[in-house]
There are 2 protein chains.
Amino acid sequence: MDDEAIESEAWYVNSLARGLKVLLAFSQRQEALSTSEVAELTGLSRAATRRFLMTLRYLGYLRSVDNRFVLSAKALDLGYAYLSTSGIVELVQPILETLSATCSETSSLAILEGEEVIYVARTPTRRMIALRVGIGSRIPAYASSLGKAILAFTEQAEADALIESFELKALTPKTIADPALFREEIRTVRANGYAVTASELEVGVASIAVPIMASDRSVIAALNISTHESIHAPQDLRDKFLEPLLNTKADIEAALSAVPHLTLKFRG
Amino acid sequence: MDDEAIESEAWYVNSLARGLKVLLAFSQRQEALSTSEVAELTGLSRAATRRFLMTLRYLGYLRSVDNRFVLSAKALDLGYAYLSTSGIVELVQPILETLSATCSETSSLAILEGEEVIYVARTPTRRMIALRVGIGSRIPAYASSLGKAILAFTEQAEADALIESFELKALTPKTIADPALFREEIRTVRANGYAVTASELEVGVASIAVPIMASDRSVIAALNISTHESIHAPQDLRDKFLEPLLNTKADIEAALSAVPHLTLKFRG
DNA sequence: TAGCGGTTGCGCGCTTTGCGCACAAGTCGC
DNA sequence: GCGACTTGTGCGCAAAGCGCGCAACCGCTA
């Protein structure tokens, strides 16, 4: 192991990390997995893998049918504890519903985690597009209005470091895959106060996002409205949606400041 | 420990179970938790708790602000893996959307896990009611149309054992809290082919559910439409919603039979 | 039927991991 | 300043978890 330095720390519980690795192996494949397949995916020995699988099954997170394992619905408990205790659903969702209703478009709230943004609340309206993207989904930050809005208002040094680490890939012909251009884009977003994306993540999908700040003015999340270019031209997004977005931003920030501990959930 | 018999099995990885226990401790409380608080909630020693917390933080599942820990959004990965690999979203969700749209009411798909049903897909329509209930939420099986529909079509002996173990509590004045009456209700559901609930879980909420079968005719889930008594009288639910429900049931069962491995995700 | 590459389950001895005690070092309130 | 409370951490020790390696069980092919 190359991160021996960490794995051998006195406080590090290797078995927990390994067990979670086994659990996450199931997110990589659709099919039911055998012990050896999981062992290969995780890089653990077959014997160790088996112990973890048996334990996870005993705990109810996995089910098995003749030597093949699948995730059970109990696995939802682990992830959804985040949502159920965060108050996001109760607090943010209704506000998002209102925004979504007034604009007749999909709206989402997301936070930045590493190179990706994670959706934490979402109200789909137009069902045709982006059905796959739900709460908990991750998308590359650099190709999303949400990611750009967060990055633009992150502290300069931290943002630079993050952008530096990005591996910009052209997901569509319109993706901004050049670091210099991307930095320029981020500057523009900061100047405007909002971010627009047109076909950068997926052809035809356009969105406009604004940052959400904590009471200390540091950015913690982003809010966007997402639509299809065939319905709203990208250049019209600002005129049509910026005002409702800014109103909703204010609503959410007010709601967050009333529950200070919730801010922790986004950025600690 | 009273289940020493299991914990001392050779295959049982105690550290993984303990670590997950620590992670789940955060679903019990809204606030940020200190090491000692988690230790108390889990029953582990403070030293052990600390090792797990540090490990989970290192892995990104927890964040911490001066000695207090909260779940991070990465925790969603664990639960999201279940949804993203199950194909439920791609397969069931669109069908549910259609049902929900034709009925103008909330529809949900849930599975039985122990004494509770877990929502695995859901399309809320009327936003006022039951906003808290989302994917991954658990509700007592005996007070829900979904639970009754599943139980009524579970194999007799298994269903009896489950009902036996239920601790029937009167959640509302209308909850069926008597075991004999509940068994009678289940027989009625089996005879009718659908289950109706009126104010049994929450006053004012009414719903009608049908079971979803695997290709071998065993029940694996239930589908319901949920509304408010002030909008639709409980006795009208059958006439209004049973036909669309049965049509959707057929659609879902057809879709499931086309992807046999998906059935495993519900019941193994 | 016998042989063979591919699985899988599992016993066993060894080592290391993770255990909890117990001490040190802060933090608050009187 | 001195208790009563937290929290971080070093240490020695038991056992928990490790992976090797064997045996059993497939489904093929001959």
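Numbered from 1 within each chain, the chains take letters A, B, ... in sequence-line order.
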For A:Ser27, side-chain contact (heavy atoms from CB on, under 4.5 Å) partners two or more places apart: A:Leu24, B:Ala81
Gap between atoms CZ and C1', on A:Arg68 and C:dT7 respectively (whole Å): 11 Å
Nearest-0.5 Å distance, CZ of residue B:Arg51 to OG1 of residue B:Thr49: 9.0 Å
Nearest-Å distance for atom pair CE/P, residues B:Met54 and D:dG8: 8 Å
Listed partners of A:Tyr119 passing ring pair (Phe, Tyr, Trp, His ring centres under 6.0 Å), at least two apart: none
Counterpart residues, salt bridge (charged side-chain N to carboxylate O under 4.0 Å, His left out), relative to A:Arg57 (two or more places apart): none
A:Asn67 side-chain N/O to C:dG9 phosphate OP1/OP2 under 4.0 Å: yes
Salt bridge (charged side-chain N to carboxylate O under 4.0 Å, His left out) partners of A:Lys21, counting only residues at least two apart: none
Contiguous pairing runs of three or more, Watson-Crick or G-U under 3.5 Å, that involve DNA chain C: C:1-7 with D:24-30, C:9-23 with D:8-22, C:25-29 with D:2-6
Phosphate contact (C:dG9 OP1 or OP2) by A:Thr35 side-chain N/O below 4.0 Å: yes
Atom-pair distance (CZ on B:Arg57; C1' on D:dG8), nearest Å: 12 Å
Pairwise distance CD1(B:Ile163) to CG(B:Leu168) - rounded to 0.5 angstrom: 8.5 Å
Distance in angstrom units between A:Leu53 CG and D:dC18 P, rounded: 12 Å
For A:Glu164, all residues meeting salt bridge (charged side-chain N to carboxylate O under 4.0 Å, His left out), sequence neighbours excluded: A:Arg183
B:Asp66 CG to C:dC28 C1', straight-line distance once rounded to whole Å: 15 Å
All ring pair (Phe, Tyr, Trp, His ring centres under 6.0 Å) counterparts of B:Phe153, not counting sequence neighbours: none
Set of salt bridge (charged side-chain N to carboxylate O under 4.0 Å, His left out) partners for B:Glu37, sequence neighbours left out: B:Arg68
Check nucleotides 13-20 of chain C for protein N or O atoms closer than 3.5 Å to its own N or O atoms and list the pairs.
from   : atom 1 : to      : atom 2 : distance (Å)
C:dG18 : OP1    : A:Asn14 : N      : 3.1
C:dG18 : OP1    : A:Ser15 : N      : 2.9
C:dG18 : OP1    : A:Ser15 : OG     : 2.9
C:dG18 : OP2    : A:Tyr12 : O      : 3.1
C:dG18 : OP2    : A:Asn14 : N      : 3.2
C:dC19 : OP1    : B:Arg18 : NH1    : 3.0
C:dC19 : OP2    : B:Arg51 : NE     : 2.9
C:dC19 : OP2    : B:Arg51 : NH2    : 3.3
C:dG20 : OP2    : B:Ser45 : OG     : 2.7
C:dG20 : N7     : B:Arg51 : NH2    : 3.4

Spacing of B:Arg50 atom CZ relative to D:dG10 atom C1', expressed in whole Å: 12 Å
Residue whose closest nucleotide on DNA chain C lies nearer the 5' end, A:Phe69 versus B:Arg46: A:Phe69
Atom-pair distance (CD on B:Glu40; P on D:dC5), nearest Å: 14 Å
